[in-house]
S.K.: 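Quick one: this structure, given as structure tokens, is what I'll be asking you about.
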2 protein chains.
Amino acid sequence: MSAAVAERPLRIGEVARLVGTTPRTVRYYEEIGLLPAGAARTAGQHRLYGSEDVHRLRELLRLKELLGVTLDELRQLVEAEDARAALRDEWGRTESDRRRGEILFESLGHLARQLDLVRRRQGELARLEQELTAKRRRVQGKLRRLRERVAAEEA
Amino acid sequence: MSAAVAERPLRIGEVARLVGTTPRTVRYYEEIGLLPAGAARTAGQHRLYGSEDVHRLRELLRLKELLGVTLDELRQLVEAEDARAALRDEWGRTESDRRRGEILFESLGHLARQLDLVRRRQGELARLEQELTAKRRRVQGKLRRLRERVAAEEA
DNA sequence: CGCTAATCTGACGTTGACGTGAAGATCAGC
DNA sequence: GCTGATCTTCACGTCAACGTCAGATTAGCG
């Protein structure tokens with residue numbers, strides 16, 4: 001699409017700092033299949049990352065945090081992302097249109113599941129917020145009445 | 001306020017079932033100070049609970065789930081609840097108005113903190129939802145164009 | 001080339017939040 | 001007063017999600 005400017009590849013420590021985690025976590029995510037295992041390495045086996053990896057990792061951490069899912073559930077949630085990434089690489093006619101359609105269709109399913117989770121959470125949070133504000137109003141009222149009474153008694 | 005009908009006290013197993021957890025968890029929460037440790041017991045040391053305990057436990061589990069906090073953070077979050085419960089017991093003039101005011105004021109602070117957390121989460125979830133719907137639109141568009149092309153090629 | 005910081009691969013340690021018995025005591029219905 | 005379900009207190013086990021340390025290797029700058 002654009003920006004084939006060959007960005008400088010990042011090393012694991014930089015990636016970790018960028019997303020606010022540690023190299024160990026990045027390796028762990030690779031180990032359990034949340035990040036691609038066969039990615040780029042230097043001649044000496046040091047891992048190399050691009051900005052899309054950073055983006056992916058950020059989204060993983062965000063989903064985990066906001067949806068409160070385990071890494072296992074997380075993997076299932078973003079499963080289709082991998083297929084789409086693979087697809088991007090070989091958009092050059094290697095895959096059949098049929099296959100491409102399948103992948104896109106599956107992506108839609110996974111996105112729907114994510115959206116469903118997000119909205120369920122939003123609903124629950126909204127209810128919680130209602131309850132908390134109601135409670136706060138009650139406490140505020142109590143406090144106000146208490147102070148009025150004290151003021152009255154001092155007269 | 002009302003309903004001093006002396007509800008039948010519940011035992012730990014019933015409470016656990018009511019809130020969808022296990023007796024072990026209830027004991028654990030008591031152990032770490034999330035539930036009062038010196039509560040009612042039968043002659044034979046079996047724990048007894050009332051409906052307000054059930055309510056409290058429900059809210060604890062909900063906060064934990066929705067806010068994604070540790071039990072330690074959770075304890076800090078609901079700290080004021082305990083003070084208010086203690087207050088309820090001695091609302092009968094034992095405590096001074098000054099003390100009561102302090103407790104109510106503290107409650108407000110804790111409620112504000114909870115609300116802050118809730119709203120922060122809501123914001124993040126809203127952003128996440130935006131991104132997911134945008135993504136979905138893109139995939140939908142891609143899929144549509146792909147199908148149109150295939151249909152055209154078949155002609 | 002040499003040096004230091006960063007990274008590599010294991011492998012074992014840790015922490016939170018419970019699960020899972022064991023061994024006995026208690027509760028409630030008959 | 002017996003009996004089966006439920007409860008008690010330890011105490012050890014477990015699982016996910018990393019932390020941490022060791023020992024060797026590599027990156028890359030002067």
Side-chain angles (χ1 to χ4, degrees), chain A residues 6-50 53-54 56-78, chain B residues 6-50 53-54 56-78:
Chain A
E7 32 164 351
R8 179 177 78 84
L10 302 169
R11 289 175 315 160
I12 197 170
E14 307 178 278
V15 170
R17 261 195 312 278
L18 282 175
V19 305
T21 183
T22 71
R24 168 73 232 231
T25 295
V26 178
R27 289 194 202 100
Y28 182 61
Y29 281 22
E30 175 186 317
E31 183 184 335
I32 64 174
L34 271 173
L35 296 174
R41 301 269 185 135
T42 69
Q45 290 306 98
H46 286 201
R47 289 169 180 80
L48 291 177
Y49 299 92
D53 296 310
V54 175
R56 159 79 176 237
L57 188 47
R58 270 217 181 87
E59 189 154 322
L60 286 177
L61 294 172
R62 202 151 66 112
L63 284 171
K64 170 174 142 71
E65 150 109 359
L66 290 181
L67 300 184
V69 293
T70 69
L71 298 184
D72 222 75
E73 298 165 323
L74 187 54
R75 184 150 28 76
Q76 315 214 355
L77 258 184
V78 300
Chain B
E7 32 164 349
R8 178 178 80 83
L10 303 170
R11 289 173 315 164
I12 197 170
E14 307 178 278
V15 170
R17 262 195 311 278
L18 282 175
V19 306
T21 184
T22 72
R24 166 74 230 227
T25 295
V26 178
R27 291 196 200 97
Y28 182 60
Y29 281 22
E30 175 187 318
E31 184 185 334
I32 64 174
L34 271 173
L35 296 174
R41 301 269 185 136
T42 70
Q45 290 306 101
H46 286 200
R47 288 169 179 80
L48 292 177
Y49 299 93
D53 295 310
V54 176
R56 159 80 178 238
L57 188 48
R58 271 218 183 87
E59 189 154 322
L60 286 177
L61 294 171
R62 201 150 65 112
L63 284 172
K64 170 174 142 71
E65 150 108 358
L66 289 182
L67 299 185
V69 293
T70 69
L71 297 185
D72 222 76
E73 297 165 324
L74 188 52
R75 184 151 27 77
Q76 315 215 354
L77 259 184
V78 300

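To find a chain, count down the sequence lines: A is the first, B the second, and so on, and within it residues start at 1. What you are looking at is a predicted structure, and each value in this text was computed from that prediction instead of being measured.
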S.K.: I need the minimum non-hydrogen distance between A:G13 and A:P23, along with the two atoms involved.
M.R.: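 Minimum heavy-atom contact is CA-CG, 4.3 Å.
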S.K.: Tell me if a side-chain donor or acceptor on B:R58 pairs with a main-chain N or O of B:L18 at a distance below 3.5 Å.
M.R.: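 Looks like yes, one N/O pair under 3.5 Å.
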S.K.: Could you check if a side-chain atom of A:L48 sits within less than 4.5 angstrom of a side-chain atom of A:R41, using non-hydrogen atoms only?
M.R.: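 No. Closest side-chain heavy atoms not under 4.5 Å.
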S.K.: Once you round it to whole Å, what is the distance between P of D:dT26 and CD1 of A:I12?
M.R.: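 A:I12 atom CD1 is separated from D:dT26 atom P by 17 Å.
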S.K.: Start with the C-alpha distance between A:L57 and A:Y49, add both sets of side-chain angles, then the distance that settles side-chain contact (heavy atoms from CB on, under 4.5 Å), and finish with yes or no.
M.R.: CA-CA 11 Å; A:L57 188 47; A:Y49 299 92; over 6 Å; no
S.K.: Would you mind reading off the distance between B:R11 atom CZ and D:dT8 atom C1', rounded to a whole angstrom?
M.R.: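 Atom-to-atom, B:R11 to D:dT8, this comes out as 13 Å.
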S.K.: Where along nucleotides 19-26 of chain C does protein come under 4.0 Å, by heavy atom, of base (B) or sugar-phosphate alone (S), with - for untouched nucleotides?
M.R.: BB-----S
S.K.: Is there a side-chain contact between A:V78 and A:L63 (heavy atoms, below 4.5 Å)?
M.R.: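 A:V78 vs A:L63: side chains touch.
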S.K.: So, are B:R8 and B:E14 salt-bridged, with charged N and O less than 4.0 Å apart?
M.R.: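 Here B:R8 pairs with B:E14 in a salt bridge, since their nearest N and O are under 4.0 Å apart.
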S.K.: Whole angstroms only, please: what is the CG-C1' distance between A:L60 and D:dC18?
M.R.: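 Taking atom C1' of D:dC18 as the reference, CG of A:L60 is at 16 Å.
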S.K.: Whole angstroms only, please: what is the CG-C1' distance between B:D72 and C:dG16?
M.R.: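 After rounding, the reported distance stands at 10 Å.
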S.K.: Check whether any side-chain heavy atom of B:L35 sits under 4.5 Å from a side-chain heavy atom of B:Y28, and report yes or no.
M.R.: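 Not in contact.
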S.K.: Using whole Å, what does the distance between atom P of nucleotide C:dC18 and atom CD of B:E65 come to?
M.R.: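 For the pair B:E65 CD and C:dC18 P, the rounded distance is 12 Å.
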S.K.: What integer distance in Å separates A:L48:CG from D:dT26:P?
M.R.: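 So the CG-P distance, A:L48 to D:dT26, works out to 14 Å.
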S.K.: Does the A:E73 side chain pair with the main chain of A:T70, one donor and one acceptor, at a distance under 3.5 Å?
M.R.: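 Here the side-chain-to-backbone pair exists.
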S.K.: In whole angstroms, how far is the P atom of C:dA28 from the CG atom of B:L10?
M.R.: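 It works out to 12 Å between those atoms.
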S.K.: Start at the 5' end of DNA chain D and walk down; is the nucleotide closest to B:R17 or to B:R41 reached first?
M.R.: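 Going by which nucleotide is closer to the 5' end, it is B:R17.
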S.K.: Round to the nearest Å and state the distance from A:R47 atom CZ to D:dT26 atom P.
M.R.: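 A:R47 atom CZ is separated from D:dT26 atom P by 14 Å.
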S.K.: What residues in residues 26-33 of chain B put a non-hydrogen atom under 4.0 Å from any atom of DNA chain C?
M.R.: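 B:Y28, B:Y29 - these, ordered by number, are the residues of the stretch whose heavy atoms sit under 4.0 Å from the strand.
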S.K.: Got B:I12 and B:V15 here, is their nearest side-chain heavy-atom distance under 4.5 Å?
M.R.: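 Counting from C-beta outward, B:I12 and B:V15 never come under 4.5 Å.
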